[in-house]
Amino acid sequence: MTATERSRQLVQVAAEAAAEKLADDIIAYDVSEQLVITDAFLLCSASNDRQVRAIVDEIEEKLRVEADAKPVRREGEREGRWVLLDYIDIVVHVQHEEERTFYALERLWKDCPSIELPESVTRVAAQRAREAAQ
């Protein structure tokens, strides 16, 4: 079993929203084989609490407007270090870069297939990486 088309659509919209707010290291995993509670995880990070909140707000807005989706649960919003948005079909993790490094969710889910993200998301990531290297 693989992630549904609806789940993939939600991942695409959420990833584009995160990229618009300059989220770092945006990746998505198809976790449908390992978990019965959701199809996909979207992970991204930011360098400060304010940016974490801005990314979360943009993801929520885009998913509401473009996909008619609202989270059934939000966790971690008050602290702004790791916000989890549960849309049932997908779970979005927006983490402060320190939490991202410490918890290393990629290590836990590395055996799951990744979900291809829109070219617009990967292009922004590549551009930011080039700028950081200069």
Side-chain angles (χ1 to χ4, degrees):
M1 183 171 184
T2 61
T4 65
E5 188 58 39
R6 171 72 173 163
S7 298
R8 291 179 178 280
Q9 175 200 16
L10 295 175
V11 163
Q12 304 295 316
V13 172
E16 288 175 338
E20 286 177 21
K21 291 297 179 179
L22 305 177
D24 294 319
D25 300 322
I26 305 168
I27 57 174
Y29 291 108
D30 180 338
V31 296
S32 61
E33 293 280 324
Q34 282 71 26
L35 298 175
V36 295
I37 57 171
T38 192
D39 280 351
F41 280 172
L42 178 73
L43 312 174
C44 64
S45 54
S47 59
N48 61 63
D49 301 357
R50 175 181 267 162
Q51 188 179 9
V52 166
R53 287 185 185 97
I55 293 165
V56 167
D57 290 345
E58 187 70 12
I59 290 171
E60 278 194 300
E61 176 69 14
K62 293 286 183 175
L63 284 172
R64 185 180 57 74
V65 171
E66 295 181 21
D68 193 31
K70 294 179 184 171
V72 295
R73 189 175 72 206
R74 281 176 83 146
E75 293 184 12
E77 185 177 17
R78 189 175 315 141
E79 297 83 18
R81 304 284 296 178
W82 180 352
V83 179
L84 180 143
L85 300 172
D86 184 351
Y87 286 88
I88 298 177
D89 294 323
I90 71 167
V91 175
V92 178
H93 299 268
V94 183
Q95 297 175 297
H96 189 285
E97 60 190 19
E98 292 170 1
E99 271 69 11
R100 180 87 178 257
T101 302
F102 183 79
Y103 290 101
L105 293 179
E106 296 90 333
R107 191 177 65 231
L108 294 173
W109 302 106
K110 69 180 180 218
D111 293 335
C112 296
S114 52
I115 296 175
E116 188 173 337
L117 298 176
E119 193 267 330
S120 60
V121 172
T122 55
R123 184 179 60 240
V124 168
Q127 179 182 355
R128 292 188 68 208
R130 281 193 304 273
E131 290 169 359
Q134 294 177 351

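The residues of the chain are indexed from 1 along the displayed sequence.
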(message) The test is side-chain contact (heavy atoms from CB on, under 4.5 Å); show your working for Gln12 and Ile115 and say whether it passes.
(response) CA-CA 9 Å; Gln12 304 295 316; Ile115 296 175; 4.0 Å; yes
For [X] and [Y], which heavy atoms make the closest approach, and how far apart are they?
{"X": "Ala46", "Y": "Asp24", "result": "CA-OD2, 4.5 Å"}
{"X": "Arg6", "Y": "Ala67", "result": "NH2-O, 2.8 Å"}
{"X": "Glu16", "Y": "Ser120", "result": "OE2-OG, 3.6 Å"}
{"X": "Lys62", "Y": "Ala17", "result": "CG-CB, 3.5 Å"}
{"X": "Glu66", "Y": "Gln9", "result": "O-NE2, 4.3 Å"}
{"X": "Ala3", "Y": "Arg8", "result": "O-NE, 3.7 Å"}

(request) Could you check Glu97 against Arg100 for salt bridge (charged side-chain N to carboxylate O under 4.0 Å, His left out), going step by step and ending with a plain yes or no? (result) CA-CA 5 Å; Glu97 60 190 19; Arg100 180 87 178 257; over 6 Å; no
Heavy-atom check, side chain of [X] versus side chain of [Y], under 4.5 Å:
{"X": "Arg74", "Y": "Val56", "answer": "yes"}
{"X": "Leu105", "Y": "Gln95", "answer": "yes"}
{"X": "Pro71", "Y": "Asp86", "answer": "no"}

With rounding to the nearest 0.5 Å, note down the distance linking [atom1] in [X] to [atom2] in [Y].
{"X": "Ile55", "Y": "Arg50", "atom1": "CD1", "atom2": "CZ", "result": "13.0 Å"}
{"X": "Arg81", "Y": "Ser45", "atom1": "CZ", "atom2": "OG", "result": "11.5 Å"}
{"X": "Thr4", "Y": "Ile90", "atom1": "OG1", "atom2": "CD1", "result": "10.0 Å"}

When clusters are formed by joining ILVMFWY residues with side-chain heavy atoms under 4.5 Å apart, either directly or through shared neighbours, do [X] and [Y] land in the same one?
{"X": "Leu117", "Y": "Tyr29", "value": "no"}
{"X": "Tyr87", "Y": "Ile26", "value": "yes"}
{"X": "Ile37", "Y": "Trp109", "value": "yes"}
{"X": "Val31", "Y": "Leu108", "value": "yes"}
{"X": "Val72", "Y": "Val94", "value": "no"}

(request) Mind telling me whether Tyr103 and Trp82 have parallel, tilted or perpendicular rings, with 30° and 60° as the class edges? (result) tilted
(message) Is it the case that atom CD in Glu75 sees more than 12 heavy atoms from other parts of the structure closer than 6.0 Å?
(response)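 Yes, the 6.0 Å shell around CD holds more than 12 heavy atoms from other groups.
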Exam field: side chain [X] to backbone [Y], donor-acceptor pair closer than 3.5 Å:
{"X": "Asp30", "Y": "Pro113", "result": "no"}
{"X": "Glu20", "Y": "Ile59", "result": "no"}
{"X": "Glu33", "Y": "Cys112", "result": "no"}
{"X": "Thr38", "Y": "Asp89", "result": "yes"}

(message) Checking side-chain contact (heavy atoms from CB on, under 4.5 Å) between Leu85 and each of Arg73, Glu60, Lys70, which is the one that passes?
(response)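 Only match with Leu85 under side-chain contact (heavy atoms from CB on, under 4.5 Å): Glu60.
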(request) With His93 as reference, evaluate Val83, Leu43, Leu42 under the side-chain contact (heavy atoms from CB on, under 4.5 Å) test and give the passing residue. (result) Leu43
